[in-house]
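We're numbering straight along the sequence, starting at 1.
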Amino acid sequence: MSADSTTTAAPAQPGAEASGSSPGGRHLGLALLVIAAAQLMVVLDNTITNIALPSIQTDLGVSDANLAWIVNSYALAFGGLLLLGGKAGDLFGRLRMFQVGIIVFTLASLLGGLAPDEGLLIGARVLQGVGAAIAAPSALALITTTFPAGKARNMAMGVYAAMAGVGATVGLLLGGILTDGLDWRFVFYVNIPIGLAVLAGTKTLVEAERHPGRLDLPGAITGTGGLIALVYGITRGGEHGWTGGLTLASFAAAAVLLAVFLVLQARVAEPMMPLRLFKDRNRSGSYATMLFIGAGMFATFYFLTLYMQLILGYSAVKTGFAYLPFSVGMAAAAGISSKLVTHFAPRLIAGPGLMVAAAGMFWFATLETDSSYAAHLMPAMFTTALGLGLAFVPMTVSSVSGVNHLDTGIASALLNTAQQIGGALGLAVLSTISTSAADDKLPHAAAGLYQGLATKDFGLVAKAGEALTHGYTMAFVASGAMFLAGLVVAVLAVNASKQHAEGAAPVHMG
């Protein structure tokens, strides 16, 4: 029996479960569009900048050492501040904090587009991460207050979950089109009209009752500091090796800060992250499953992009369009999954989905230097997307199902944190695996490829291409293993029935 099963149903909150008859309820379609657009904007910024990096480096004279931080600074701020952003929504109002997050994100995008040098650009990326960390957990929490439980909420959860994959691929597509067709600065400017449209549409969203407590400042400092140190250590370890002094110091700081954070959360009256959220094995299992999904999925985009551009010679625009089957597969599967969650237990949907996703990864692991897009890449991409689309929705639903209505913001933040930490960890670990496998075939394979292209030494180009492809395929094998690990967790830990997954209403916990 779930840890929450002894709780009683909450009284109807203003504008919450009665949203089907509230003013916001008459505009559920527009409300869904607003939340989907916000989630799309936040997620696509994980990938849209990647395509523009060569142009940014040339235009601003960014050093090789700092180039990666144009991407990593966003992930660092986003992943590190999610818990604080989720708790702020619970305390100060989710709709208000959602609006604040979108405003910060939009202004930061403007600053990024106008940045005259790498320092200001990296600063703007940090500010984007801050805005995303404020907005993202409130967006998911607002689904539970705006959409009535059942079909409408499950559909909204499906769209929200699909944005995790669709946003990443749309980011790659838009990044290529905007960089090649206009200028790299438009990968930031594109967020401005989206952000303004989302702000205008927030009147369709329904605010929830605020938590009457205060911010747990010691918890906020230790929790946020610990997560930032952890994300930084993972990111630096993947780039510079796992035994470097700064990497080890970051992990040590993360271990100490997070240990203190957990002790504080068990003792303070109003914790930033109530430990009762983890008493439900379904919720804890969902978080763990999403950690593995994030680890495998975000790394997949990275290695596939490298394969298509370095090995197959695709342009930025062609690479972006090549990802369209992934978006289609994710959207289709999420729509199907949002209907299935009303009839089947979460693990009966997520389990087969992760098995299909793993099969797609192992299909990618058979890539060669001359593999066909139509016969190999496209079907493997679509297969992976179908599996992930099936897995995302039930895990998203079960992660916030049955949560105290005062804790939905922090519960949503934990889901996003699991994805972000998983993505950073997966990319770092799989990059190490890929580089090691490639260097076993040809030391410094990436440098060899560029050298061969510059000197027209096509023999060296061929050897380097084979070595790099071998490295990528080893990374895909590891990604498949991560999806299978998520499958095991989902099957063993997430034992909720379909009734529990639907979450008839938020509950008060004793």
Could you check if a side-chain atom of [X] sits within less than 4.5 angstrom of a side-chain atom of [Y], using non-hydrogen atoms only?
X      : Y      : value
Met297 : Thr384 : no
Thr49  : Ile56  : yes
Met330 : Leu388 : yes
Leu304 : Leu377 : yes
Trp363 : Pro379 : yes
Leu484 : Phe362 : yes
Leu120 : Leu111 : no
Leu60  : Asp117 : no

Looking only at atom types and distance, does a side-chain atom of [X] sit under 3.5 Å from a main-chain N or O of [Y], one as donor and one as acceptor?
X      : Y      : answer
Thr247 : Thr243 : no
Thr473 : His470 : yes
Tyr307 : Glu368 : yes
Thr455 : Gln451 : yes
Asp439 : His444 : yes
Arg281 : Ala493 : yes
Ser398 : Pro394 : yes
Arg125 : Ile70  : yes
Tyr287 : Leu415 : no
Ser436 : Ile433 : no

Under 3.5 Å side-chain donor-acceptor pair for [X] and [Y]:
X      : Y      : result
Thr319 : Thr305 : no
Trp242 : Thr432 : yes
His376 : Thr366 : yes
Gln128 : Ser109 : yes

Return the set of residues passing ring pair (Phe, Tyr, Trp, His ring centres under 6.0 Å) with Tyr232 (not counting sequence neighbours), or none when no residue passes.
Trp69
Quick one: list whatever passes ring pair (Phe, Tyr, Trp, His ring centres under 6.0 Å) with Phe364, sequence neighbours left out.
Phe476
Geometric cation-pi criterion, Lys318 with Phe321: 6.0 Å, 45°:
no
By side-chain contact (heavy atoms from CB on, under 4.5 Å) - contacts of Leu182 (at least two apart):
Leu178, Phe186
Would you call the rings of Trp184 and Phe188 parallel, tilted or perpendicular if under 30° counts as parallel and over 60° as perpendicular?
perpendicular
